[in-house]
Number of protein chains: 2
Amino acid sequence: MARNPERRTALTDAAIEVLAHEGARGLTFRAVDARAGVPVGTSSNYFSSRDDLFMQAGARINNRMAPDPAAVEEALRHPPSRELVTSLMHWLVQRMTADRTGYLAMLELRLEATRRPALRAQLTQTVRAEFDAGADFHRNTGLPGDHDTFRVLYLAMTGVLLEHFTLPGVLTETALDELVESVVTQIVPR
Amino acid sequence: MARNPERRTALTDAAIEVLAHEGARGLTFRAVDARAGVPVGTSSNYFSSRDDLFMQAGARINNRMAPDPAAVEEALRHPPSRELVTSLMHWLVQRMTADRTGYLAMLELRLEATRRPALRAQLTQTVRAEFDAGADFHRNTGLPGDHDTFRVLYLAMTGVLLEHFTLPGVLTETALDELVESVVTQIVPR
């Protein structure tokens, strides 16, 4: 396996682009090489198999979407109110919107996971760790509501993001920001 | 265009199988013919283009998943309580689970819609009509809560279904039925 870390990251980012633009079935070594503008055969030096390519793409998306720890610190300087939950959810939507390609690629990976047990195991672990970290953050920060509150909020935000990124014309009666506020108001106690 | 309606339905169902098992990019006339076990060239007599194939698959999934009107009538004989909402949501999950292939194919179509404007327009109309019908039903039946309640419930159930069908190992702390109950309890007033 080749060991140039910048090259590996660039190839993995190219794989994420291929996923979003051509779908999971389009993700081949050749498509990654073409998208990254490198000689044919390059990515086969960095990924041991297509499974490996899918799994490294999943890990990388997660990494790209993780919030900046300094910004998390900053958020924690506010009182743990429902308003803070609303700000955090706006921020989540902003991070996803800034990486629309990553969001769509992750949905492709979720579907591909129904066909690839190794990918399913890896994504389950990643998404579960993220869910658990969110639940811990909610509790430790003293945000209003209990574990059920957090879980239902997580599920409703999943719905918001899926609608917004795949069929943005469905819920146009309300602007995205207002939709997020409505979700928090309905689910999180004062 | 060929006009045998049973043959058209069988080919469209084969297209839905191809979508769920091979992804949107795998949906070609040849793949549909193979999946349906008919001679090569058959589906090109029933669909004018790949766009048409995607759009007819979308319309058919919607049709397959629609609740039986008699069962809706039956549900309406119960008082419009939060318990009735819970029953309706369990029933929704059962219908989706009974047609897992249709659910996964619809997710593939949502992703493909980000790349095909005609498909996006058609799916937006279909999903929006379904959302509006649900909102009207909620109001006309006198189910507890207002339009915001219905919308947030819709979004949270979208999240439940996405998690359950793509990464069922993430929210295993709670059985699916209990998760649905928790969603209704958090969102719908008594």
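To find a chain, count down the sequence lines: A is the first, B the second, and so on, and within it residues start at 1. Keep in mind it's a predicted model, so treat the numbers as computed, not measured. Atoms considered below: every heavy atom in the structure, side chains included; atoms not considered: hydrogens, waters and symmetry mates.
Comparing Leu179(A), Val188(A), Thr158(A) by heavy-atom pairs within less than 4.5 Å of chain B, the highest count is held by Leu179(A). Note on Thr149(A), Val170(A), Thr114(A), Val160(A): by heavy-atom pairs under 4.5 Å with chain B, the leading option is Val170(A). Top candidate by heavy-atom pairs under 4.5 Å with chain A, chosen from His147(B), Glu130(B), Gln125(B), is His147(B).
With rounding to the nearest 0.5 angstrom, the OG1 atom of Thr124(A) is 4.5 Å from the CG atom of Leu167(B). Leu155(B) contributes atom CG, which lies 11.5 Å from atom CG of Leu153(A) (distance to the nearest 0.5 angstrom).
Only the backbone of Phe165(A) comes within contact range of chain B, judged by heavy atoms closer than 4.5 Å. At a 4.5 Å heavy-atom cutoff, the contact between Thr172(A) and chain B is made by backbone and side-chain atoms alike. Neither the backbone nor the side chain of Glu112(A) comes within contact range of chain B; no heavy atom of the residue lies under 4.5 Å from a heavy atom of that chain. Neither the backbone nor the side chain of His164(A) comes within contact range of chain B; no heavy atoms are under 4.5 Å apart.
For the pair Gln186(B) and Arg151(A), the minimum side-chain heavy-atom distance is 4.5 Å or more. Looking only at side-chain heavy atoms (C-beta outward), Glu163(A) and Phe131(B) stay at 4.5 Å or farther from each other. At a threshold of 4.5 Å between non-hydrogen side-chain atoms, the residues Arg128(B) and Leu171(A) do not count as touching. Using a 4.5 Å heavy-atom cutoff, the side chains of Leu107(A) and Leu162(B) are in contact.
Enclosure of atom CD in Glu73(A) is not indicated, since only 12 or fewer non-hydrogen atoms of other residues, nucleotides or ligands lie within 6.0 angstrom.
If you check the side chains of Arg120(A) and Thr166(B), you find no donor sitting under 3.5 Å from an acceptor.
Of all heavy-atom pairs spanning Val152(A) and Ile187(B), the tightest one is CG1-CD1, 3.7 Å.
Residues of residues 14-34 of chain B lying under 4.5 angstrom from chain A, judged on non-hydrogen atoms, are Leu19(B), Ala20(B), His21(B), Glu22(B), Gly23(B), Arg25(B), Gly26(B) in numerical order.
At a threshold of 4.0 Å, the pair Glu108(A)-Arg115(B) counts as salt-bridged, since one of the basic side-chain nitrogens sits closer than that to a carboxylate oxygen.
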